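Right, one structure below, let's go through it.
Sequence positions, counted from 1, serve as the residue numbers for this chain. As the structure is a prediction and not an experimental result, all values here were calculated from the model.
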Amino acid sequence: MKSGFWVFFKKECTELWRGGKLMILLAVFVLFGIMSPAIAKLTPWLMEHMADELAGSGLSVSAVTVDASTSFTQFFKNIPMALIMFIIMFGGSLTNECRRGTLIPLLTRGLSRAAVVAAKGAIVTLVWTVGYWLCFGITLGYSAYFWGAEKMSHYFFGAVFPYLFGIWLIAMLFAVSAVAKSGTSVIAGLAVIVVGCYLVGMFPGVSPWLPTGLMSAQAFAAGTGEASQFARAAAVAGISGAAGYVVAVLGFSRKMI
């Protein structure tokens with residue numbers, strides 16, 4: 001499996017680069033990274049220029065003060081959009097291979113199906129890791145430049161939780177891909193899982209244990225969330241994510257190609 005993993009991993013890297021998907025995703029993450037401090041920096045200017053128009057309507061606008069927390073608030077609002085775009089682009093990662101039949105020659109030459117799932121999971125996770133932390137690094141750098149580096153370590157720890165949620169969602173992506181027939185079905189299945197978690201989280205005391213709770217990291221970064229709450233959600237995400245990959249390997253091993 002080891003040699004098969006690296007052969008398939010290199011193939012995936014080559015296709016990701018030649019197809020332009022990697023550059024598109026990195027451009028998206030760079031854009032979102034720049035947008036967060038840019039929107040925060042421009043907000044007072046926009047409000048100042050809108051003040052006269054609003055005053056004519058009988059509305060008054062008070063002075064708006066922005067700082068690094070404003071920038072990171074915008075960052076945490078932007079990440080779900082970036083994650084949705086990321087999942088859409090990789091939703092058919094496994095199902096498209098099955099539909100086109102491109103795996104058949106490799107599997108007949110001895111490549112194991114477990115190696116396919118492992119290699120694809122590794123490359124998608126790697127892209128998410130590079131893209132996410134590139135986005136965060138850009139926001140961090142501009143925020144420190146404009147408003148100083150105070151409490152930046154606190155924002156870093158807060159940013160870990162949405163990153164872990166992305167890792168968990170990737171695991172769920174491959175678990176659903178093992179039984180789904182198309183990328184559209186995979187995305188629909190993920191939507192059901194995420195919405196289901198939010199619905200279950202409406203019951204008292206359940207929300208802190210759900211992986212979707214990791215997306216509430218804005219509260220942690222603002223100093224209003226408890227670390228223990230996110231630790232529980234991260235633990236459940238880790239266990240269910242590992243189970244997701246087991247389901248992916250077992251399901252893909254039985255899947256007709």
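Note: the hydrophobic cluster containing Ile39 also contains Met81 (ILVMFWY, side chain heavy atoms under 4.5 Å, direct or indirect links). Cluster membership for Ile84 and Ile170, using ILVMFWY side-chain heavy atoms within less than 4.5 angstrom, is not shared. Connection of Val130 to Ile123 is established within a shared hydrophobic cluster, with ILVMFWY side chains joined at heavy-atom distances below 4.5 Å, either directly or through further cluster members. Taken together through direct or relayed side-chain contacts under 4.5 Å among Ile, Leu, Val, Met, Phe, Trp and Tyr, Ile193 and Ile187 form parts of separate hydrophobic clusters. With hydrophobic clusters built from ILVMFWY side chains whose heavy atoms lie under 4.5 angstrom apart, Val160 shares a cluster with Leu169.
The aromatic rings of Tyr132 and Tyr163 sit tilted, their planes meeting at an angle between 30° and 60°. The aromatic rings of Phe161 and Phe230 lie parallel to each other, with less than 30° between the two planes, well short of the 60° mark. Classified by interplanar angle (parallel below 30°, tilted 30° to 60°, perpendicular above 60°), the ring pair Trp6/Phe9 is perpendicular. Under the 30°/60° scheme for interplanar angles, the aromatic rings of Phe90 and Phe86 are found to be tilted.
Here the CG-OG1 distance, from Leu134 to Thr129, works out to 12.0 Å after rounding to the nearest 0.5 Å. In this structure, the separation between CG on Leu94 and NZ on Lys120 is 6.5 Å, given to the nearest 0.5 Å. For the atom pair CH2 (Trp133) and CG (Leu140), the distance works out to 10.0 Å, reported to the nearest 0.5 Å. Note that SG of Cys13 is 7.0 Å distant from CG of Leu126, once rounded to the nearest 0.5 Å. The OH atom of Tyr198 sits 6.0 Å away from the CE atom of Met215 when rounded to the nearest 0.5 Å. To the nearest 0.5 angstrom, Thr70 atom OG1 is 11.0 Å from Lys41 atom NZ.
In this structure, the side chains of Trp168 and Leu173 stay at 4.5 Å or more apart for every pair of heavy atoms. Residues Leu83 and Phe165 meet the side-chain proximity criterion, which asks for heavy atoms closer than 4.5 Å. With a 4.5 Å cut-off on side-chain heavy atoms, Phe5 and Ser112 do not count as touching. Between Arg113 and Leu107, some side-chain heavy-atom pair lies under the 4.5 Å cut-off. In this structure, the side chains of Met35 and Leu31 come closer than 4.5 Å at one or more pairs of heavy atoms.
Residues satisfying the side-chain hydrogen bond (donor to acceptor under 3.5 Å, both in side chains) test with Thr184, not counting sequence neighbours, are none.
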| Taking it one step at a time, do Lys11 and Leu106 satisfy side-chain contact (heavy atoms from CB on, under 4.5 Å)? | CA-CA 11 Å; Lys11 166 190 168 296; Leu106 297 173; 4.1 Å; yes

| Evaluation steps, side-chain contact (heavy atoms from CB on, under 4.5 Å), between Glu97 and Glu12 | CA-CA 11 Å; Glu97 294 271 14; Glu12 288 294 297; 3.3 Å; yes

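If you chain together ILVMFWY residues whose side-chain heavy atoms come under 4.5 Å of each other, Val246 ends up grouped with Leu250.
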Determine all donor-acceptor pairs shorter than 3.5 Å in which one atom belongs to a side chain in residues 16-25; sequence neighbours excluded.
from	atom 1	to	atom 2	distance (Å)
Lys21	NZ	Met89	O	3.1

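Of the candidates Tyr155, Phe72, Phe32, Phe29, Phe136 forms a ring pair (Phe, Tyr, Trp, His ring centres under 6.0 Å) with just one, namely Phe72.
What you find for Ala178 and Phe252 is that their closest heavy atoms are CB-N, 3.7 Å.
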